[in-house]
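A short write-up of the structure that comes next.
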Amino acid sequence: QLVPSTVFGYSNGLPPMPFDPAEGKRLLAEAGWARGFDSDILLPDYFRGAAEELRARLAPLGVRLHPVVLPFAEFNERWRAGDVPVTLVGWGAGTGDASDLFDALLHTPDNGYGRSNYFGYSNPEMDRLIELSDRTLDPAARHESLTKAQEILRRDLPLVPLVLRDDLYAVRRDLVWTPRPDRRIRAFDFKLAQPVK
């Protein structure tokens with residue numbers, strides 16, 4: 001899914017997608033790519049290691065990726081322009097709500113929605129569910145809209161969630177701090193630990 005289980009809008013009803021190279025090869029052959037294909041993959045410089053892993057995983061299927069590694073600003077410029085067929089991007093749900101991703105990436109660009117939908121995905125039902133979740137105050141009803149949106153995402157696959165990045169923090173023993181879902185580190189969130197008596 002686009003978000004981890006700690007983010008509102010995660011669906012408990014979607015099983016993990018299996019890694020099935022044999023089925024991947026079959027689908028490629030069915031699509032007319034039995035010998036595989038070559039493609040550039042555009043990515044920001046901080047994803048270099050992820051691109052190498054993705055390239056290694058897809059090579060046995062005949063998908064030959066050629067990473068085009070760029071500084072972040074240049075990557076953004078080319079991504080917005082739709083300059084290459086495949087990109088590797090990272091996105092977070094800074095508010096702890098899946099609508100951060102759905103609103104920006106999966107809604108048809110219109111009326112403030114789809115600001116980062118640079119890959120031309122458009123689905124009226126997805127748009128309806130995203131807008132419904134944005135104007136619904138009841139948490140259970142909002143969650144239902146976002147869960148249905150997750151199901152459409154799984155069916156249509158306009159983008160493929162690959163990795164949930166973990167953050168690693170080190171904190172002195174005399175401090176108490178809990179990482180925030182938005183990954184921000186604020187000094188006033190740290191507290192001195194109570195001395196042991």
Side-chain angles (χ1 to χ4, degrees), residues 1-10 17 36-59 61 63-123 126-127 129-131 133-134 146 149-150 152-154 156-171 177-190:
Q1 297 183 44
L2 282 181
V3 296
S5 60
T6 55
V7 171
F8 185 85
Y10 176 84
M17 294 180 76
F37 61 89
D38 287 84
S39 176
D40 285 345
I41 179 169
L42 184 71
L43 61 139
D45 49 12
Y46 58 84
F47 273 149
R48 186 182 310 270
E52 292 304 319
E53 178 67 23
L54 184 58
R55 184 163 75 165
R57 290 271 187 130
L58 293 178
L61 303 178
V63 177
R64 296 169 296 276
L65 294 178
H66 308 284
V68 178
V69 181
L70 299 170
F72 186 68
E74 189 177 342
F75 163 81
N76 267 339
E77 187 177 310
R78 288 192 57 191
W79 182 41
R80 284 186 193 114
D83 197 14
V84 294
V86 180
T87 58
L88 182 62
V89 298
W91 207 273
T95 65
D97 193 297
S99 63
D100 290 354
L101 291 99
F102 282 103
D103 290 4
L105 294 172
L106 295 167
H107 194 287
T108 305
D110 179 47
N111 200 24
Y113 287 103
R115 291 176 310 280
S116 297
N117 181 349
Y118 304 129
F119 39 89
Y121 175 70
S122 182
N123 179 321
M126 177 70 85
D127 293 349
L129 289 168
I130 291 169
E131 292 173 24
S133 77
D134 283 354
L146 291 169
Q150 293 275 23
I152 292 172
L153 170 67
R154 174 69 64 90
D156 291 356
L157 282 178
L159 49 88
V160 180
L162 294 176
V163 176
L164 288 174
R165 287 179 33 197
D166 288 324
D167 294 320
L168 179 63
Y169 302 99
V171 180
W177 176 70
T178 302
R180 296 167 47 94
D182 62 11
R183 301 169 65 199
R184 292 187 177 117
I185 300 173
R186 305 177 309 180
F188 56 81
D189 288 335
F190 288 83

Quiz prompt | Derivation and outcome, side chain to side chain contact (heavy atoms under 4.5 Å, CB included), residues Leu162 and Glu53 | solution = CA-CA 11 Å; Leu162 294 176; Glu53 178 67 23; over 6 Å; no

Are any non-hydrogen side-chain atoms of [X] and [Y] less than 4.5 angstrom apart?
{"X": "Asp103", "Y": "Ile130", "value": "yes"}
{"X": "Ile185", "Y": "Tyr169", "value": "yes"}
{"X": "Arg57", "Y": "Val63", "value": "no"}
{"X": "Val86", "Y": "Asp40", "value": "no"}
{"X": "Val89", "Y": "Phe75", "value": "yes"}
{"X": "Leu159", "Y": "Leu153", "value": "yes"}
{"X": "Leu2", "Y": "Val7", "value": "no"}

Please round to the nearest 0.5 Å and tell me the distance separating atom [atom1] of [X] and atom [atom2] of [Y].
{"X": "Leu129", "Y": "Gln150", "atom1": "CG", "atom2": "CD", "answer": "11.0 Å"}
{"X": "Leu43", "Y": "Leu70", "atom1": "CG", "atom2": "CG", "answer": "7.5 Å"}
{"X": "Gln1", "Y": "Met17", "atom1": "CD", "atom2": "CE", "answer": "11.0 Å"}
{"X": "Leu42", "Y": "Phe47", "atom1": "CG", "atom2": "CZ", "answer": "12.0 Å"}
{"X": "Asp189", "Y": "Trp177", "atom1": "CG", "atom2": "CH2", "answer": "8.0 Å"}

Quiz item: Distance-only, no hydrogens or angles: does the Asn117 side chain make a donor-acceptor pair with backbone N or O of His107 under 3.5 Å?
Solution: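 Yes; judged by distance alone, with no hydrogens or angles, the pair exists.
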
Practice problem: Please say whether more than 12 non-hydrogen atoms of neighbouring residues, nucleotides or ligands are located less than 6.0 Å from CZ in Arg64. | Solution: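 Enclosed: over 12 neighbouring heavy atoms sit under 6.0 Å from CZ of Arg64.
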
Self-check item: More than 12 heavy atoms of other groups within 6.0 Å of Glu52 CD
Solution: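 It does: Glu52 CD has more than 12 such atoms within range.
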
Non-hydrogen atoms of [X] and [Y] that approach each other most closely:
{"X": "Asp100", "Y": "Ala93", "answer": "OD2-C, 3.2 Å"}
{"X": "Leu88", "Y": "Ala51", "answer": "CD2-N, 3.9 Å"}
{"X": "Ser5", "Y": "Tyr10", "answer": "CA-CG, 3.5 Å"}
{"X": "Tyr121", "Y": "Pro158", "answer": "CD1-CB, 3.2 Å"}

Quiz item: Can you say whether the rings of Trp79 and Trp91 are parallel (under 30°), tilted (30 to 60°) or perpendicular (over 60°)?
Solution: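 The rings of Trp79 and Trp91 stand perpendicular, inter-plane angle above 60°.
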
Quiz prompt | Pair Arg78 + Glu74, salt bridge at N-O below 4.0 Å | solution =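 No salt bridge links Arg78 with Glu74.
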
Quiz prompt | Pair Asp110-Thr108, side-chain donor/acceptor within less than 3.5 Å | solution =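 The criterion, which ignores hydrogens and geometry beyond distance, is not satisfied for Thr108 and Asp110.
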
Quiz item: Regarding Asp127 and Tyr113, is there a side-chain donor-to-acceptor distance under 3.5 Å anywhere?
Solution: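 Short answer, no.
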
